[in-house]
Amino acid sequence: MTDRFDLAVVGAGPAGLAAAVTAAEQGLRVGLVDAAARPGGQYWRHPAESVSQRDGHGTRTFRDLRRRLRALRDRGVLTYLPDRQVWFVERDEDGHVLRFTGTTTAAGGVLRSRALVLCPGGYDRQLPVPGWDLPGVMAAGGVQALLKGNRTLAGRRAVIAGTGPFLLPVATALADAGVEVVAVCEANHVTGWARNPLGAMAVPTKAVEALGYAAALLRHRVPYRMRTAVTAIHGTEEVEAVTLSAVDAEGRVITDRGRVEVDLVALGWGFTPSLELVTAVGADTRKDVDGSLVACVDEWQRASAPGVYVAGEATGVGGAELAVAEGELAGLTAASDLGGRRPARRVRELPVRGLRVGGLRVGRLRAAIRRRRAFATAMHLAHPVPAAWPDWLTPETTVCRCEEVTAGEVCRARDDLGAVDVRTVKLLARPGMGWCQGRICGYATAVLAAAGSGDQPSADDLRSLAHRSICAPVSLAELADSHPDSPPPDHQP
Amino acid sequence: MRRTADVVVVGAGAVGAACAYFAARAGLDVQVVERGRVLGGTSSACEGNVLVSDKEVGPELDLARYSNRVWREDLGEFGGLWEFEAKGGLVVAATDSGARGLAELAGGQRAAGVVAEDVAEDDIASFEPNIRQGLRAAVHYPQDAQLQPMLMTAHLLRLTRQRGGAVATGTPVTGYLRDGDRVTGVRTPRGDVSAAHVVNAAGPWLSEVAALAGVDVPVLPRRGFVLVTEPRPKTVHHKVYAAEYVAGTQSSDTGLQTSPVVEGTPSGTILIGSSRERVGFDRTVALPVLRELAAKAVDLFPVLAGVQVLRAYLGFRPYCPDHLPVIGPDPRAPGLWHAGGHEGAGIGLSAGTGKLLAQALAGHHTDIELAPFDPARFATETT
């Protein structure tokens, strides 16, 4: 079939870019669909064309991938479809069919392919806390996106709270941008690293990077407070102050550390991978060490569904470098599985466990993936979401912002109406039923639902959250016009 | 879980909850057993219809009218808990032949006591300002209503517990306690429960639960999809559907049928149905079905074209080949009762079904005849 791509790649972040570029260089005809207007994903989010040295490490990798993307596009072997959101995926006899919505500048349409690489990335994992719905409270990733995206300051006096190493670059970026950062509050204790020193040591560059952030924080005189959490946010029209609390290892409040006046609160509780497309193609999923649902992949990035590969955060949150390595491996595996159209000239072909492309390159990649995965696991184990965070809530605390559902309503559905799991809580109290379809409140709701029986959310609970019959909003007119014989997208973007 | 009860109800969906509630209200000791979690099946995958408009004259219309009263009278005090909304239905016809069929249907319903008001062509817009131009006829059914089926089911189970009943989830029925032909209780992995009566309210799985007692009750799944839009300011005021919908519900075709059904909800979303197809318990999201639903909804309400669909869900209507529910004792297995097979009307008919069944369980005369719904009709077919 002439209108069928060899490979469709969803997502043009670190993993997707690497997968698409690699596979196209191996001779596959590749279609790359992405929701954003420019390549780079959440991680490499840059204003227009300017990429300065200040954007941190990995920029060289990004520039290289972007250059190769342009070259492949110019050669006509890679079709890049930005500004398109995939809302439906299904199998057909020859592979997969992706349907995507358009925007004002791009038409919606269909992309058929023999195989599929899913690199959907992730988004901030959010936990409700009293006052978190006030203007001026943002997810840490959102703050960084604002800074990277258009350099606007989200506030003048900020507190950064949550857990994990990601708090550091956000604090540094805010301080560099001239925001007074009154504190970085880390809910855990960094001696947590000692629990798994091998994992942490596996990626020495990460240690260097952390030192760099620590130095920057020192320079800006930003206090770094461990076992400290923002347990309430105050304000009427917008954020005015936060309550800081000293917490124990489980997150239970030990002492009140008082109110601090701020106009910006950045909360970072890690990331949640986007699993809509992974579950839609019927691929197996599992619960990762950080409590997120992730795709099961083999050591070649193959998912359990035939012809599907997954790379990046969707296989387990681990950062951009891991994502790039996984994306590259997925691209190589797909090329090998599909039997690239022409022999790859750039790499020696070696039969490595059935993989016929670039044995050395593959070996290096897989070693890098193992190392970075070990590091990510150590990071997750050292920075768990504190189990007792629901104690910080009051019955009036909003859990679902779209549908304005409070913690009290969630608990009533659970305790009075017998909703013991997140699905039933959603049906009865409507959290997660609005615009974001639970992307913001899903994790918190699942935890609150499971807490009724003293449990943590099960993998099945997380699956029911991730599953969406329609993967992204689509207008009725577009849905009505989604004919099976829709033409393929233009090959020249 | 109880070891003994007067009544074991199998299934914690809307019909099971209504049977349990009315049985408890009649003073019976009730144990509900549910293999999954509450709201695991069809009751959480429907629109919450309480309709008289879509029933042709006959026993099902009688049950619908009766149930409509039960919702407003016996259960009226709880209506707010489950967002009972007496918003009325508007059935429209786009063609002259459709208009004739609708007039005939409404005439018969009126004679049977249904309030069915003809709406002049020029007045249709005053009922639904956003509806398309060029419709030939419409009938307004003020008795039609809608409720939130998940809240209704959960609250009826809560009220059952309040009256001393018990609800056990994660408890599948694996067999029956028998005394000769007689069913004297249920077996579950969590232990046996002996009871004078066992009510099979397993929805589209009613056949499976009946088969465990060696009796055949032909209830089959008939799949339907619903689209849910983003929340909107009030756009659709009634339950609005095309006259062809009634023909669709009464057909026995196995192939795909769709007819537009559009309505708003108190949360602002718009629900769009309806489709029916006999594909077993296939949970694959079928894009061609969603496409037809979207196209027909936009045809009826052009203003919806740019409205975003946030999700779609599917459910399985419990369908009987003769389009009548199965309500009453099964003579082939004394002690076993069935309450199900309401197809797409189970939410609306659940209250009436529960009340009638409770009357029969208590040995009282039922408010309306259960004979047309007698499970024995299948016994005579097979012998």
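Just so it is clear, the values below take in all heavy atoms, side chains as well, and ignore hydrogens, waters and symmetry mates. Naming: A, B, ... by sequence-line order, numbering from 1 per chain.
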Self-check item: Side chain to side chain, B:Leu287 and A:Arg99, heavy atoms closer than 4.5 Å
Solution: yes
Practice problem: Answer yes or no: is there a side-chain heavy-atom contact under 4.5 Å between A:Glu403 and B:Ser267? | Solution: yes
Self-check item: Heavy-atom side-chain contact between B:Arg311 and A:Gln437 under 4.5 Å
Solution: yes
Quiz prompt | Which of B:Thr269, B:Val298, B:Leu290 touches chain A most, by non-hydrogen pairs under 4.5 Å | solution = B:Leu290
Quiz prompt | Student check: side-chain heavy atoms of A:Trp87 and B:Val309 closer than 4.5 Å | solution = no
Quiz item: chain A heavy atoms under 4.5 Å from B:Thr153: which part of the residue, side chain, backbone, both or neither?
Solution: neither
Quiz item: Nearest 0.5 Å, what's the CG-CD1 distance between A:Leu476 and B:Ile270?
Solution: 8.0 Å
Self-check item: Any residue of residues 418-431 of chain A which, by heavy atoms, sits under 4.5 Å from chain B
Solution: A:Gly418, A:Val420, A:Asp421, A:Arg423, A:Thr424, A:Leu427, A:Leu428, A:Arg430
Practice problem: Measure across A:Ala480 and B:Arg291 and return the closest heavy-atom pair with its distance rounded to 0.1 Å. | Solution: O-CG, 3.4 Å
Practice problem: Against chain A, label B:Leu304 side chain, backbone, both or neither, depending on which of its atoms sit under 4.5 Å from a heavy atom there. | Solution: both
Quiz item: Tell me, side chain or backbone of B:Val38 under 4.5 Å from chain A's heavy atoms, or both, or neither?
Solution: both
Practice problem: Decide if atom CZ of A:Arg286 counts as having more than 12 heavy atoms of other residues, nucleotides or ligands within a radius under 6.0 Å. | Solution: yes
Quiz item: Closest approach of A:Ser469 and B:Tyr313, non-hydrogen atoms and distance?
Solution: OG-N, 4.4 Å
Quiz item: Under a 4.5 Å heavy-atom cut-off, does chain A meet the side chain of B:Ile272, its backbone, both or neither?
Solution: side chain
Quiz prompt | Validation row: A:Leu479, B:Leu227 side chains within 4.5 angstrom (heavy atoms) | solution = yes
Quiz item: Checking heavy atoms, do the side chain of B:Gln148, its backbone, both or neither come under 4.5 Å from chain A?
Solution: side chain
Quiz item: Nearest heavy-atom pair of A:Ile470 and B:Ala312: which atoms, and what distance?
Solution: CD1-CB, 4.0 Å
Quiz prompt | salt_bridge(B:Arg37, A:Asp460) N-O dist < 4.0 Å | solution = no
